[in-house]
Structure formats: structure tokens, C-alpha cells
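Lettering follows sequence order; numbering is per chain, from 1. Worth knowing before you read on, the calculation uses all heavy atoms, side chains too, and leaves out hydrogens, waters and symmetry mates.
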4 protein chains.
Amino acid sequence: MAVNVGVINVTGFAGMEAARILWAHPEARLVAATGRSLAGQKLGEAFPHLAEYGDFTIQPEIDVDVDVVLSALPTAESAQACLPFIRSGVRVVDIAADFRLNSPDAFEEWFGKKHPAPELLDQAVYGLPELNASAIAESKLVANPGCYPEASILAMAPAIAAGLVEGQVIVDAKSGVSGAGRGSGGGFGYANVNEDVSAYKIGVHNHQPEIAQELSKLSPHGAVDVTFVPHLVPMTRGIHATCYAKLKTSISQDAVIDIYREFYKDATFTRVTDAPPHTKNTVGSNFCLVHPAVDERGGVLVAIGVLDNLVKGAAGQAIENVNLMFGLSPRAGLEQLPVFP
Amino acid sequence: MAVNVGVINVTGFAGMEAARILWAHPEARLVAATGRSLAGQKLGEAFPHLAEYGDFTIQPEIDVDVDVVLSALPTAESAQACLPFIRSGVRVVDIAADFRLNSPDAFEEWFGKKHPAPELLDQAVYGLPELNASAIAESKLVANPGCYPEASILAMAPAIAAGLVEGQVIVDAKSGVSGAGRGSGGGFGYANVNEDVSAYKIGVHNHQPEIAQELSKLSPHGAVDVTFVPHLVPMTRGIHATCYAKLKTSISQDAVIDIYREFYKDATFTRVTDAPPHTKNTVGSNFCLVHPAVDERGGVLVAIGVLDNLVKGAAGQAIENVNLMFGLSPRAGLEQLPVFP
Amino acid sequence: MAVNVGVINVTGFAGMEAARILWAHPEARLVAATGRSLAGQKLGEAFPHLAEYGDFTIQPEIDVDVDVVLSALPTAESAQACLPFIRSGVRVVDIAADFRLNSPDAFEEWFGKKHPAPELLDQAVYGLPELNASAIAESKLVANPGCYPEASILAMAPAIAAGLVEGQVIVDAKSGVSGAGRGSGGGFGYANVNEDVSAYKIGVHNHQPEIAQELSKLSPHGAVDVTFVPHLVPMTRGIHATCYAKLKTSISQDAVIDIYREFYKDATFTRVTDAPPHTKNTVGSNFCLVHPAVDERGGVLVAIGVLDNLVKGAAGQAIENVNLMFGLSPRAGLEQLPVFP
Amino acid sequence: MAVNVGVINVTGFAGMEAARILWAHPEARLVAATGRSLAGQKLGEAFPHLAEYGDFTIQPEIDVDVDVVLSALPTAESAQACLPFIRSGVRVVDIAADFRLNSPDAFEEWFGKKHPAPELLDQAVYGLPELNASAIAESKLVANPGCYPEASILAMAPAIAAGLVEGQVIVDAKSGVSGAGRGSGGGFGYANVNEDVSAYKIGVHNHQPEIAQELSKLSPHGAVDVTFVPHLVPMTRGIHATCYAKLKTSISQDAVIDIYREFYKDATFTRVTDAPPHTKNTVGSNFCLVHPAVDERGGVLVAIGVLDNLVKGAAGQAIENVNLMFGLSPRAGLEQLPVFP
């Protein structure tokens, strides 16, 4: 019997991607989807790539029984919308950032608002299966990782956990524009973005504390400091996180790769590559490719993580979490290989 | 029991796309794949997006039992490679152009060589299920359509069949660069293609006779003349065929759309749209979107067809044909919705 | 002594392009520039590529003496803004469409409003120097051509003037997104435009009557009917107009090229090419490349025109017109070769 | 009287860019250009954007008198070709890397060959006018900077010179594909590059020692260690260097910007920006935009440099050097503003 899924805010990129993936999911199905401005429209008319959904209509609220809710609302609106479901025992995967930071103070510092439901932070599980698979399986409230943190944490986790590095972790991340969401304004117009690279929110992006928090949990040496600089590059999907940290002792690249392979030996979707990976080799799929390199002259670890920000960085990760929460096949609905070229 | 598929020349874009799609096909599987320069390499090392194939190795020849062969060799090399399979009773879908033109003279005129196996032309079926589903189901040799013809024929077929137009059909087609194949040379370098549009092979592209031949078969008024001008646009996947023909009598756009909807009412993957379709709404999927418009002032039918040249225009079409030939579910392996945005 | 130029609406793409070009113009200079939302800001802060302008400030109105005004307002707002200058004897180049159609009824039919200054239509000269150089030189009100018409008319003019073709002229045009203007909304977001081609306003785009009007003036056989279908392709700058018309009699491609070369032998910026031209070979420059080809099988002329829609299709053309109106060197400020690759 | 310039290897991207810029240079002109495979062809036929050069023909050797030679040959071939000119007293700007590293041992270590003319290294001046203007003016042999080093050095120079930072400098650079040159192979095909980001030559790119060498010369604290990781992003022109270094003491961003502004107060083409700069705001121009930011939480300086790799990063820089060497106006031929959007 299929798991019945409701999506809150199907009209954003993450929400519509969840609908796309669920269409071909053998063990789960979309039974309700909300959207504010487009409520009442057919999903497949609002978004022609979803035309196969036929008469399926976007609703103002989820008003049918669902087994799990995926919320793709903007951060700080999402918790509010999730609360009724959480209280009535429906499982929730929050694709927004509302339940990612463990501390309500950190939330307030980085998002500029009081946390809307601090009492729930304790039960929220950070939804990164490579680190927390069993906790996710038993959780009723999963905080789906941000797209930048997902790539960055998966790139650095084995090195941090093994105590290979020390000092500041510098994360230089490059993202396609879909990370900014469907509603993003004029700065993301084609004429501006094409043939352009630029940095933004240097040192002040709210994905920084998320990366630091999760890496710190893995560290045998206490808190990990992170400098995070995101860049916009002219592509639609894809994140490339290049992470730099000083190696504590000299170690060969082969030895580091062995440590990484061991760390991810049971991972369903994260794979360690011998060569620098290409974001294009993940497009449309739930895979994350990780590559650690050693700059021997500088004594620096350069660890790279790449993924499709809308799949492994958002909706695909959410569905992977649903699979875990309901005991489905871990790859159900996520078997598709990357669309290349 | 799964249908065992062999792919000849898996190292071209069409061949590797067949491997990509077959990975998630529930009723067919890739059991052998050949490639000349890369024989001996693992498929997933040569092409990292296929890494899930693990130890699956590219071979010089197909040397295991297969139920069907997909040949993705260049035109005029393909027939030769298919012959042994045809003779031994293995079904063949030829993705090259070797068996598309019914007349060996036309082949020689447009391809500049004698046809390698003229005796087989009679039994080859043109593999466009929207027109020839039952013949494909019973065929042992299917000539998979070219990417430009697939989009152009699907755009014009209902109008030609209904006798709506007269005179020359002008096909102005726009293609992404993957249509040129993986081995294409320097003209397809990023620095040349990006921020550029150009026409090529004006009136002399060998897809022209294929379009004319198939439309003529549908025409109640005899042979259809076609002027075909392909253009290269800066994208990877996608074909947009804009077709123009003089309307015989005044007719409303709504009436034309009704004729088109009726024509395609049983089509599995071709859908008639109310608004001009976007190639992006087909990427990674086997769908073709068709839209007829009427220029009332000029008395001209403008019929548009869009598709992903590597899926509906090549490997997906081939697998749709395999599904028909073996009585599988028509959508098996092709359920995935387009990757948008 | 330099010609003093004022630009109305410097904040749109055409206006800011005029400012860009004038910066390096040896005989003309920008002395005033208006913009509504950005009035009071420094030009170089609003648009960092114009940073060399230093303290030059965007004004609400032109309040200094100017020799000529370039208006880059939206159509139907532009005439109003130009009127005071025209009345006071200042020369005007209108980059909008307000003065392009000779008939106020045609304006009303295509733009849905009464013409704001029908009494001026008689004195407006269509600003295409390849056809009207001497009239432009003596005019006080120049209607700068639209970007699509500029490419289309230059592609077809020699054939129409020589009476080579008959029947409907079909113009299939492909444009980069900058043609839609800086203020264009969400449909032009990067995530939507990249990897996409689509047609729009099939048969109803208001550049159609402009093309038909100017070609008809050249025709020895009376009015020319035009079917015009614009397409959006994923690039920033560039227009590629592919024009189709039935040849009246058989003629070789070489003979057609000779007719084209003769027609443009005195043209400053339009050049006839032997091979299909690339839009990329015009980027950032005022050149238009024209290529006629003959589809012998179909008896069809295929004539192509390519240009940079913001230069030869807008601001560069306007400055070329200024050069003519003030007797400056025809290439002044427009010497730069295309930026390739 | 114009300076007569010869270009060796006009058929590469840097060489053809020099030809493009020289066309509109008021005080210098291209009088000879060589190219191996294309010798004998007209420059404007080989490269249609240079069509204005008319009958100007690519030669096998420079056989007319020139005042200065720009060599755009590949590294390690260039010195050889420059030698005869240097010996006969003709000034040379080497766009290749042959004369950039001061030590022949470093050359051998990073380029894998013995230096072809170690005796000339002493007289070569590193051609970065922001640092070495007067030495360049008097030099007969200028080593034009690499594109990555130009952006990276200009980003970090003021901070290094002021002693603001300590420890490893990490340079995470993003480049468009034209940096790889016209002859680069299949990895730079459109279908591979579009919608992709990837790192390459992690820690082993031969621009690393060039950056370290020049920054070390500026440092009050001795040698500067550099970790350099280049990335390929889907654009044609543009380099974005993001540089990271630990601040020695706490300092405000405003204070750092003041130090940068003071450092570049006399620079002709380098400008310090208040916001993170966009590569697109330099396309087609000789400008470099530099932006220092302070990550206060991490105590890290993030310094960004962006430029057009073919202009300020290659041919434009070479012509700026020619202007200095011959006492021409510093901006001659380089007045054009960036082509935006």
C-alpha cells in the first residue's frame, strides 16, 4: 500500500520537484499539494512538465488524510504550517530551515526572528541519512538539510570525523540559480546571470551555522569554525562545494581517499570519486559525489562535494527520508541515473 | 522475465542514453554494450553518470545472447553491424539512418554511398509509434526516426493527413548541440556555441527526405515537398521544429487543435498543447509536445513540435519501440517526467 | 565640437547601451540621461559597467541643452516624451516603435491605442541607413527600426527589390532575451530560459507590420505579405532572422549573392557572407551579416540576417543615425569589432 | 606615427583578441600576424569577426619591420620564437608563461622542461602595471601575467603589502572556458561544459608559483604560501578569483576597503568596489574589479578579483603594456566599456 504524501507549497522549485519525483515512485504517491497564488489551478497546467498529473488540482490546504507532509515553504513560515500535522501525529519532513539549527538563539541570530516552535527543536532530526539514518527512520519530524550544507557536510564529514584537519574550514560554494527559488527577483534574470560569476552574502549566509553545527558534532576536537562564501554561476541546477582545511599531519591522497571510502561504504547515494567530480554527473538524480584531494605543498585538504540542489539538496533528499521513515526500499523513486549530457 | 538488450556503440550520446534509461527499466535490461575506442573499459568509469553499472564492461562485440539489439552507430556503418543479428533472427532497432529511406536510390543521393543492404529495406518499419504502432509491434527491423524528422513529422502529421494545407512545407528547426553527437569536432566547442545561433546545411540536410517521405505517405494529395533548414542553438538537449504551410481554406485555430487532439488521442507520449510549448518541458523525458497555430492574416499554419533529441528523438524512442515489439507496458522505463527547471 | 546627446530612459537595455557606446565616441558625448525609478542615482552606481561615468547622475528630465535626443522609452510612451523636443527644433531619434508605422490606423490596430501624435508621422524617416541614408541625414525625426525588423528587412531587401520572389514571406526569428528589455518579468528568469527554445506571439507580434511595410516599399510587385514568428533562445544578445520566400524563377545561389553584394556595396555596416553567419560574430558591434541561400529542390530563397539586437538592432543604429544627421564620420563610435568568442 | 605591432600566433584566442583590440587602437596597428595551420589565409576569413581586416593575410613568419612583438604561442614554445626579436632589439611582450617565473628551476619544476632561455630571465619584467608601471615602461621584454595570477594578485596585493594577513593564501578561482584556448579538446565541448562546474589540477596548476612569487615580493613578512584550485564554469569569458587568508588582527571591512582604495588610487584599469563584483561587468574590457570583504566571525579576509581573461587577463594587458613601453596614452585602444548585459 502506497505511502500518501502531501506537499505544502508545491509551487516552489523544491515542491514541484517533489511532485516530479513522486510521479514515478513505486511505493509512495502525491495525494495533496498546496500553493497559495495558484490554488485552484491544475498542477499540470501551472507547470507543464507535470501535465501527466491530469486533473490533480493545487489546493489552499491539505484536506485529505496523508501519511507524511513535505513542507517546502520559505523558512520561518514553514514551522507554523507544519505544527498542526506534527500535533496530530502526521510525520513531517521540513525542507525549509526551521528545524535545522538546534538552538533557538542561533535561529534568531541568523534568521532575524524568534523561532516559531522552539519546543519542537529537541525532537527534530537532521535529515542527512549518511550520518543519521537510524534516527531518521524513527523520527516524526525531520529537518531536511539545506542544499549548500548537504554538499559541504558530505565533503568534509569523513575528514572531520577522522580528526585529519585543524583550524578554520573554508567553504567556497558555487550554485546554479534554481537554489534561489522560483520566486526570486530580477537579479536572477537570464541577461544578468548568463556569462557571469559573482559572490554574495560573504560570511553572512544562514547556511553557515548549519554547516558548522553538523561538522562540530562529528569532530573529536570540539567546535568547527566555518567561513562560508556562496557564489552564483550560470547554470540551473547543481552545487559544487570546495572545502579547504589545514591538515594536522602529512597524509597521502590515497590514504585520505581510503578513509572517505570507508566512511561512505554503506551510503546509498554518496560516492567517493577518484577524480574531481562534475556537477553535471548528478543532474536530475539523488547522487552526491565527493572527492578529497591533498595539496601537498600547502598541507591543505581540498574536499569537494557536488549534487543537484533540487534533488539530493532538497526534494530527493526529502523522499529518501520518507523512504527511511516508512521502511520503503531506500532507492524507491530515486533509481534514475543522472541526465547527462 | 526481462528482455535482454544489447547496445552497439554505447559510447555515443544515443547509446549512452539507452544505457541510462535501461538502468531503471523494470522489464528490460542492458546485457551487452559495445564501443570501439573504449572497449575494455568499465561503462561507469568511461561515463561517470553511469557509475551505478559497476563492473559492467564495454566490449568490442556483442558476445552474449540478446533479445534485441539497438544500434547507435553512425549512419552507413550501422546496417553492416546489424546484418548478422537480423540474419540470426534477433530483433533490431537501428537508431542510425540506414533503414529510414525506403528507396536505395534516395539513400545514395542523400548519403553519398550505395546502400549496404538494400534487400532489407522492404522489411524495415519506420519506428514512429504515433503512426505505425502495430507494424512496429510485429517488426523485426525497426528504423528509429531521426531527431529532426520525429519532431517535424509529429508537428505536421495531423494537418497533412487531414488535407488542411497545400504547397511547400517549410521546416525551420532549432537544435541543441547533443544532436551532433559526442564525437563532433571543434565547431561545437563551448566558446563557439554559447551566445550563438546559426543555420547550417540549408536545404541539403539528409533529414529532409525522411520528413518528406513520411509526410507524403499521410497525404491525401500526393507527395509533400519540404524545405528544411536546421539551426544550432546554445543548449545541450532539445529540438524545436517550427513548420509552415499554406492553409487550403480558412480554418480557426480551435478547429485545428481539435483535429490534432483527435489524431493523437491514443498517443502514449505525444500531447497537443494550447500554448506554444517549451523544449525545456521535455528534457530527460520521452514526451513530444505539439502545438498548431493559425496565422489568420497570412493564411498560414504554423505547427510546432518539441522533444528531447536524445530521448524521444533517439534512445527513448528506441526503447518505446522495444516495449511495443515485446509486448511490454508501453511506458515501461519511460515513466519519468521531464527534469524542469 | 562634440554633438551633445541626451538619452531618455537610460535605465533600459537600449538606453544604457547608448551610454556605453557614447563613452568612447570621438565626436559625440552623453550630456544628460533620464530614468524614472533611478533618478538621482549616479549612472555608474546603478550600472557598474558604466562606472567610468563617475559623478554623472540620472535625472528626472533632460534640463540641459542637447543637440539630439535618443528616446528609449517603451512604445506609446515615447512619442509624448519626444514632442517637446521636436517642437523646439531638437533632433530626435526614437528607439521605440511610435513613429515606425506610417499609418495611425495600423498603429492602433497593432498597439491597441490611438497614436499619440499622428500629425508627426509624415515627417518621420525610417532609420535604416542601408535604405534611407540621405533622408535620415536631412531628417529631424528618425524612427529607429525594431530589432527583428532590422534583421529581417536587411535579409530580404535585395531579393524583394530585385523582384526575385513571390507570395508570402515567412520570417522565423530567433532572439536572445535582452530584446525583451531590462524590466521583463519572471518568464525571462535564468532557470526558465536556459536550455529552452520556445515560440511566442505567433502571427501577432507588432514587428510584423513594420517588416511588411518596409519590404512593400521596395517591392516592384506591390504589397508584401509577411508571416512572422519570433522565438526565444538561451542567449543574451543576438537576433537570427531566417526568411523564406518562393523564388519566381530558377536562379543560382551565386547569382543571388551577386545581387546582394551589389545592393549592399556602399553599406557601412551590412556585409554579405558566403556561409551562414553566426550571431556571435556580431556581438557588441554594429555589424549586420546577411546571407542568401537557394534551396534548389524546393525553389525557395532562404535569406538570413544576424545582428546584435542592442547595437545594430537598437542603440548602435541610433548612433549611426546621429552620425548621419550631424555629418559625422559614419563609423564614429562604432569602430569596435565584435567581441568573439 | 603609429606603433607597428606584430602578433605571433594570431590564431589562438589571445592572439585574435589582440587583433580585435588593435583594429580600433588610435596609436598602434597590427602590421603582421603569424599562425601555423592557417598561414596563407586571410585573417578575416579565418575569423569572421575580424572581417574588417580585409586582405590582411596570416603569415608563417613576421617578415616586416615591427616595433614590438606580442607572442601568443603556447608556453615553452614562445621563448624560442621571441629570441630573434629580443636579440635584434625589438621589444617583446610574451603572453605565454616563459618569462614569468624568475627562477629557471621553478620553470623546470612546474613546466617539466628546461627553460629555453634562462639568460633572459633577469631582464624580463612582470607585466602588471598596477605593480610595475615604471619598470615596464623601460623594459624590452615584458612577461605578461597569466589570467588567473592577474586576478588573484590584484585581489590580494594590497592586503599582502599592508601585512594584514598571515599563513596560507587560498585561491579558489572560477574561469570561463576561453582560458583553455582555442585548440582545447573535447572536454570543452558545449554539451560537457554547459550546466557544469568542476575543479581541475587541484594544487598542481602552473599558475600557482606565479601567484606566490609576485605576492611574496610584496610581503613584509617573507614568502607567501598559496593553495590554488581552479574551476571551470559554464561561461566563455571571465575569471573570478576568491582569495582567503587569516587576518592578523581584527580590522573592519571599511578600513580594509580604504587600504585597497589607497593602493589602487593611481591604477588605470583596476577599481575597488563596495559590493561583490560580477565578472559580467568586465566582459570585453580591460578593467579589473577588486573587492575585499571581512568575515568577522572567522577572522578571515575574503578578497575577490574579477576580469575578462582575454582582455585584462591576456591581450588587453599586453596592449596596456605596449602603451606604457612606447609612451602612448595609457588607455589608448582600451577605452571601451564592458559589454553588458
Identify which part of [X] has an atom lying under 4.5 Å from any heavy atom of chain A, answering side chain, backbone, both or neither.
X	result
B/L289	neither
B/R237	side chain
B/F269	neither
B/E45	neither

Point-to-point distance, once rounded to the nearest 0.5 Å, from [atom1] of [X] to [atom2] of [Y]:
X	Y	atom1	atom2	value
A/E335	B/H25	CD	NE2	14.0 Å
B/H49	A/K280	NE2	NZ	10.5 Å
A/N281	B/F47	CG	CZ	11.0 Å
B/N194	A/N194	CG	CG	5.5 Å

_Ignoring hydrogens, what is the shortest heavy-atom contact between A/M16 and B/F340? Give both atom names and the distance._
SD-CD2, 4.1 Å
_Residue pair A/P341 / B/T236: nearest heavy atoms and the distance that separates them_ = C-CG2, 3.6 Å
*So what's closer than 4.5 Å to chain B heavy atoms on A/I21: side chain, backbone, both or neither?*
neither
*May I ask you to name which of A/P48, A/P26, A/A24, A/G284 has the most heavy-atom pairs under 4.5 Å with chain B?*
A/P48
